[in-house]
Amino acid sequence: MHRIVRLTEKLSDWMAGISAVMLALMTILILVEILLWNTLSKTTLIADEYSAYGLAAIIFMGAGYCLKEKGHIRITLILSFMPKRMAAILTFVATAVTTAFMGYLWWYLFKMVQSTIRYNSTSGTLTQTPLWIPQTLMLVGAACFLIQLAGITIKTFAAIGTQEEVV
């Protein structure tokens with residue numbers, strides 16, 4: 001069980017690294033856009049669109065790492081008034097429900113990517129970017145977040161006996 005949790009955490013670390021690289025590339029793209037506009041009065045025509053795609057990908061790919069590092073918002077008022085074991089059980093139930101809900105969301109994100117590929121959908125801009133490209137990055141990030149959630153669910157189940165705070 002600990003091995004599965006470690007693998008999910010390693011995957012989240014990799015996704016965070018990819019997110020960091022994407023953020024650096026977005027920064028370079030925006031700086032090039034600014035430089036071109038201010039020196040030559042030219043534009044790349046893609047900076048805002050591709051930065052938006054990058055932002056969406058970063059959010060999805062970084063969500064698992066954020067969860068692993070306990071960075072997501074969590075309301076602990078009710079848990080603080082409960083006995084430790086009851087709080088651990090409630091945390092496990094909430095995490096399991098969240099994992100199931102994320103699985104549901106992932107499935108419909110997958111269906112969206114499938115239909116985008118089937119209908120050969122492109123962006124409505126001059127670049128006509130095939131939408132399956134940014135959507136697939138989001139799908140991969142959502143899958144990694146789902147895997148991290150499953151790992152955290154396993155960890156919270158094990159914490160019922162130890163009453164360790166997991167998330």
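- Residues forming a side chain to side chain contact (heavy atoms under 4.5 Å, CB included) with L25 (at least two apart in sequence, or on another chain): V21.
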Show me the side-chain donor-acceptor pairs of residues 134-151 shorter than 3.5 Å, one per line, residues at least two apart or across chains.
unit_1 : atom_1 : unit_2 : atom_2 : d
Q135   : OE1    : T116   : OG1    : 2.6
T136   : OG1    : W132   : O      : 2.5
Q148   : OE1    : S12    : OG     : 2.6

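- No donor-acceptor distance shorter than 3.5 angstrom exists from the side chain of T122 to the backbone of T129, with no hydrogens or angles considered.
- Note: T125 OG1 to D48 CG = 8.5 Å, rounded to the nearest 0.5 Å.
- Every residue meeting the salt bridge (charged side-chain N to carboxylate O under 4.0 Å, His left out) condition with D13, not counting sequence neighbours, appears here in chain and number order: K68.
- Applying the under-4.5 Å side-chain rule to Ile, Leu, Val, Met, Phe, Trp and Tyr, the cluster around L31 consists of that residue alone.
- Residues T95 and T91 have side chains in contact (heavy-atom distance under 4.5 Å, counting atoms from C-beta outward).
- Taken together through direct or relayed side-chain contacts under 4.5 Å among Ile, Leu, Val, Met, Phe, Trp and Tyr, F110 and I117 form part of one hydrophobic cluster.
- For residues 97-109, the pairs satisfying side chain to side chain donor-acceptor pair (under 3.5 Å) are T99-T153, with sequence neighbours left out.
- Evaluation of the side chain to side chain contact (heavy atoms under 4.5 Å, CB included) rule for E69 yields Y65 as partners, not counting sequence neighbours.
- Linking ILVMFWY side-chain heavy atoms closer than 4.5 Å, directly or via other members, places M112 and L105 in a single hydrophobic cluster.
- Sorted by first and then second residue, the pairs that involve residues 17-37 and meet side chain to side chain donor-acceptor pair (under 3.5 Å), not counting sequence neighbours, are E33-T43, E33-T44.
- Here the side chains of T127 and S123 are in contact, with some heavy-atom distance below 4.5 Å.
- The CE atom of M102 sits 11.0 Å away from the CG atom of L67 when rounded to the nearest 0.5 Å.
- Contact annotation: the side chain of N120 never approaches that of P130 to less than 4.5 Å [non-hydrogen atoms, C-beta and beyond].
- Through direct or relayed side-chain contacts under 4.5 Å between Ile, Leu, Val, Met, Phe, Trp and Tyr, L90 connects to I78, L79, M82, M86.
- Screening residues 5-26 for ring-ring contact (aromatic ring centres under 6.0 Å, His included), with sequence neighbours left out, gives no hits.
- Residues meeting the side-chain hydrogen bond (donor to acceptor under 3.5 Å, both in side chains) test with Y53, sequence neighbours left out: E49.
- One hydrophobic cluster, built from ILVMFWY side chains closer than 4.5 Å, holds both L40 and I28.
- Taking CE of M22 as the reference point, atom OG of S51 lies at 10.0 Å (rounded to 0.5 Å).
- The hydrophobic cluster containing F157 also contains V93, counting ILVMFWY residues as joined when their side-chain heavy atoms lie under 4.5 angstrom apart, directly or transitively.
- The closest donor-acceptor contact from the side chain of H72 to the backbone of G64 lies at 3.5 Å or more, if one exists at all.
- The cluster map of Ile, Leu, Val, Met, Phe, Trp and Tyr, joined by side-chain heavy atoms under 4.5 Å apart, puts L29 and L23 in different clusters.
- Scanning for salt bridge (charged side-chain N to carboxylate O under 4.0 Å, His left out) contacts around E9 gives K155, with sequence neighbours left out.
- In this structure F60 satisfies the ring pair (Phe, Tyr, Trp, His ring centres under 6.0 Å) test with no other residue, sequence neighbours excluded.
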